[in-house]
Amino acid sequence: MKRGLAASGRLRTFIDSVTKVDDRTVVFKLKKPYPAFLNLLTTGACLMVSPTPTRPVHWTAKR
């Protein structure tokens with residue numbers, strides 16, 4: 001049995017495969033249509049976030 005994120009079991013029920021196209025693009029192949037798929041990727045346990053920001057954030061106080 002594979003271990004992973006808690007939501008991964010639910011994802012495996014409708015994701016057939018994930019293929020890397022380039023450094024910023026992946027293609028999800030679903031087993032069947034799943035209308036809430038994009039919503040799932042942007043909320044809750046499946047939130048997709050880059051491990052590193054695309055550019056550094058510098059906080060400065062205005063005076």
Discussion item. With a 6.0 Å cut-off (strictly less than), is the heavy-atom count around CG of D22, excluding the residue itself, greater than 12?
Written reply: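 Atom CG in D22 is packed in, count exceeds 12.
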
Practice prompt. With side chain to side chain contact (heavy atoms under 4.5 Å, CB included) as the test, would you mind laying out the steps for I15 and Y34 before giving the verdict?
Written response: CA-CA 9 Å; I15 293 179; Y34 189 79; over 6 Å; no

Item to complete: May I ask whether L40 and L38 are part of the same hydrophobic cluster, defined by side-chain heavy atoms of I, L, V, M, F, W, Y residues being less than 4.5 angstrom apart, directly or through others?
Response: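 Yes, same cluster.
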
Worksheet item: Do you reckon V26 sits in the same ILVMFWY cluster as F14, going by side-chain contacts under 4.5 Å, direct or chained?
Response: yes

Item to complete: Look up atom CZ in F28 and atom CG in D16, then write down how far apart they are to the nearest 0.5 Å.
Response: 12.5 Å

